[in-house]
Amino acid sequence: VFALAWLEVFFGRHDATFTRWRHATLCDWGTRLVAVIRLDADEAELARRIRERAQPHPVKTHSDPEIARFTARYRHAFDRVLRELRAVGNVTVVDLRTDEAGDDACAAASVQGALEETLHGR
């Protein structure tokens, strides 16, 4: 899911060969995946995390509005990929906010709980 969204954010339009490959990939994964847990946070938290990470990042030194535009492109790309996965398979999407979970252990517990709830609901 991340790779397909990443390709859309950084490379945009694609030729017919890539489009066919992308569709085949979505069909393949759409039939294999049971659930996707999408983690998100508000703009201020995402900007802070981008700036504080040790690794390089394309917008690490940019302004808050520039980072917000970048993360909006990612959200749009993820929405598209997830919409297409649901169209070809029975994929449940669970959205969790990581800025509301507290520390890493609370966030991990939230992810585990959402996954168990989704799997037991099938």
Closest non-hydrogen atom pair, L85 against L26
CD2-O, 3.6 Å
In short, A77 meets A5 closest at the heavy-atom pair CB-O, 3.7 Å
Find out whether V34 and T92 are in side-chain contact, i.e. whether some heavy atom of one side chain is under 4.5 Å from a heavy atom of the other.
no
If every non-hydrogen atom of A47 is compared with every non-hydrogen atom of D64, which pair is closest and at what distance?
CB-OD1, 4.0 Å
Below 4.5 Å, heavy atoms only, C-beta onward: do L82 and V91 meet side chain to side chain?
no
Are the aromatic rings of F11 and W6 close, with centres under 6.0 Å apart?
yes
Below 30° counts as parallel, above 60° as perpendicular, anything between as tilted: where do the rings of F70 and Y74 land?
perpendicular
Is there a side-chain contact between R48 and D99 in this structure, where contact means two heavy atoms from C-beta onward sitting under 4.5 Å apart?
no
Connected via hydrophobic side-chain network under 4.5 Å: L7 and V88:
no
Counting only heavy atoms from other residues, nucleotides and ligands, does the tally under 6.0 Å from CZ of R32 exceed 12?
no
Strictly distance-based, threshold 3.5 Å: is any side-chain N or O of E45 a donor or acceptor partner for the main-chain N or O of D42?
no
For the pair R38 and D79, find out whether any cationic side-chain nitrogen is under 4.0 Å from an anionic carboxylate oxygen.
yes
Within the structure provided, determine whether E84 and L4 are in side-chain contact (heavy-atom separation under 4.5 Å).
no
I'd like to check V9 versus R73 (side-chain heavy atoms, cut-off strictly below 4.5 Å). Are they in contact?
yes
Close side-chain approach of D95 to D40, heavy-atom, < 4.5 Å:
no
side-chain contact (heavy atoms from CB on, under 4.5 Å) for I67 and L46? Distances and angles first, verdict last.
CA-CA 8 Å; I67 292 174; L46 291 176; 5.5 Å; no
Assess whether atom NE2 of H76 is packed by more than 12 heavy atoms of other residues, nucleotides or ligands within 6.0 Å.
no
For R49 and A41, which heavy atoms make the closest approach, and how far apart are they?
NH1-CB, 3.9 Å
Check whether any side-chain N or O of R51 sits under 3.5 Å from a backbone N or O of H62 as a donor-acceptor pair, and report yes or no.
yes
